[in-house]
Protein chains: 2
Amino acid sequence: MRDTRAELLSQAETLVRGRGYAGFSYADLAEAVGIRKASIHHHFPTKVDLGAALVAAYADRYDAALAAIQAEVPDGPGRIAAYGQLYLGGVEQGLGCLCAALAIEGEALPERLRGDIAAFFKGHLAWLDAILRAGQADGSVRSGSEPAVLARYVIATLEGALLMERLFASPTAFAGTLAVLVDSLRA
Amino acid sequence: MRDTRAELLSQAETLVRGRGYAGFSYADLAEAVGIRKASIHHHFPTKVDLGAALVAAYADRYDAALAAIQAEVPDGPGRIAAYGQLYLGGVEQGLGCLCAALAIEGEALPERLRGDIAAFFKGHLAWLDAILRAGQADGSVRSGSEPAVLARYVIATLEGALLMERLFASPTAFAGTLAVLVDSLRA
DNA sequence: AAAGATCTACCTACTTAATGGTAGGCAATG
DNA sequence: CATTGCCTACCATTAAGTAGGTAGATCTTT
């Protein structure tokens, strides 16, 4: 059994993360998966439906990973480091963040997708806020800045680092940026 | 005299920064400027020509600003803060970085443009490297990390902050991230 | 200075290919 | 027998780019 729907999601995610939402077509996706263009519409009637499913699947994977980090890593900086490692999957494949690729298209993006990616990042910000707040409380994270400000700083740095990595792939550069980031959060 | 070419560059820049390179068409640009689509080809024969001119003009503006900062601001953290302020223009207009918008499209982008934006960021990295190295030498920037690593961290954080700002515009969020960034570089 | 030639900046009208999406058929499966 | 999953064949729209023309400015030659 080959799960065509899952295959479509997987290949479409690679395409969007590699070339942007406006930068790939149903024709590209059909070729990548090996079915006909019209058949995609059977699984995802419109491109927006596909985009929304992509974001939902991506968000689910992150949600699971965030919960695992919270359960398995005790200290604040360690959790942020583990969070940063999540971006490494993209680094290794030379792919950007799905939601960053969508966010760049801003105004041109269908409103539904705009809402979905806003929710994606809001979720991360809320998680980081809680993690950093706990870290400040137990003394593992430096105090003096609002957790919300630090949360935004963390996402910004990692999203930017991933962007840089795609332009200048280097085995150590992402790790270097992550190390500086985590270090700057230590108490 | 109305300089149509300059107007085309200005409007095209807004379009690319707001919706990505693949997300705007000559038809959009023609409407924005108020001339016919075919007339754009008189100034920029192909879309790649237009894109390259966009990056060149953008890079020139940054080059001038970088030189001014180096001349007018003496200390390392102050220079990085001033560098971060350069991104504020985009923040205020709700526009992303031109080269980030192009970089996201990665593989799908014409090779010529890929080379141009790589050169753009290489220039920034080199400038930051020199600035941070000087800051370490005069004791205004913390030592312990390679200037090249810190340079990449600076760009990553600011590019990411600009991305976040477009999703969640907030009068203070960008400034907050910039403050944390500059603070983390202090000796 | 007049006459012709050339150039600039724009136009209308078009081509070709690609876009997202639709209609309807057909074979396998439960 | 109805549903699922895929197909061929199509549609309307939009994409970038081309062809060829026109009005006006500018340069050249007599």
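Proteins come first, then strands; the chains are lettered A, B, ... in the order of their sequence lines, and each starts at number 1.
End-to-end axis angle of the helix from C:dA1-D:dT30 to C:dT15-D:dA16, from C1' rotation axes over five pairs per end: 20° (rounded to 10 degrees).
For the pair B:Asp3 CG and C:dC10 C1', the computed distance is 15 Å after rounding to whole Å. In this entry the distance linking CD1 of A:Ile40 with P of C:dT22 reads 14 Å, nearest Å. Atom pair A:Leu50:CG and C:dT19:P shows a separation of 14 Å (rounding to whole Å applied). Taking atom CZ on A:Arg36 and atom P on D:dT4, their separation rounds to 24 Å, with Å as the unit.
Using a cut-off of 4.0 Å between Lys/Arg side-chain N and Asp/Glu carboxylate O, A:Asp129 and A:Lys122 are scored as not salt-bridged. Look at A:Glu13 and A:Arg61 and you find a salt bridge, because one of the NZ, NE, NH1 or NH2 atoms lies within 4.0 Å of a carboxylate O, short of that distance.
With hydrogens and angles left out, the side-chain atoms of A:His124 and A:Tyr83 include a donor and acceptor closer than 3.5 Å. Inspection of the B:Ser145 and B:Tyr153 side chains reveals no N or O donor paired with an N or O acceptor under 3.5 Å.
Two residues are said to be in side-chain contact when any heavy atoms from C-beta on lie closer than 4.5 Å; A:Phe121 and A:Glu159 meet this criterion. Using a 4.5 Å cut-off on side-chain heavy atoms (C-beta onward), A:Leu95 and A:Leu162 make no contact.
For B:Glu31, the CD atom counts as loosely surrounded, since its 6.0 Å shell holds 12 or fewer non-hydrogen atoms of other residues, nucleotides or ligands.
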Check the interface with nucleotides 14-20 of chain D: list each N/O to N/O pair with the protein under 3.5 Å, or write none.
unit_1	atom_1	unit_2	atom_2	d
D:dA15	OP1	B:Ser25	OG	3.2
D:dA16	OP1	B:Lys47	NZ	3.2
D:dA16	OP2	B:Tyr26	N	2.9
D:dA16	N7	B:Lys37	NZ	3.2
D:dG17	OP2	B:Lys47	N	2.8
D:dG17	N7	B:Lys37	NZ	3.3
D:dG17	N7	B:His41	NE2	3.3
D:dG17	O6	B:Lys37	NZ	2.6

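For C:dA9, neither phosphate oxygen OP1 nor OP2 lies less than 4.0 angstrom from any side-chain nitrogen or oxygen of B:Ser39. OP1 or OP2 of C:dC10 has not a single side-chain nitrogen or oxygen of B:His42 nearer than 4.0 Å.
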What's the verdict on ring-ring contact (aromatic ring centres under 6.0 Å, His included) for B:Phe120 and B:Tyr62, showing C-alpha distance, side-chain angles and the deciding distance? CA-CA 9 Å; B:Phe120 175 83; B:Tyr62 261 98; 5.6 Å; yes
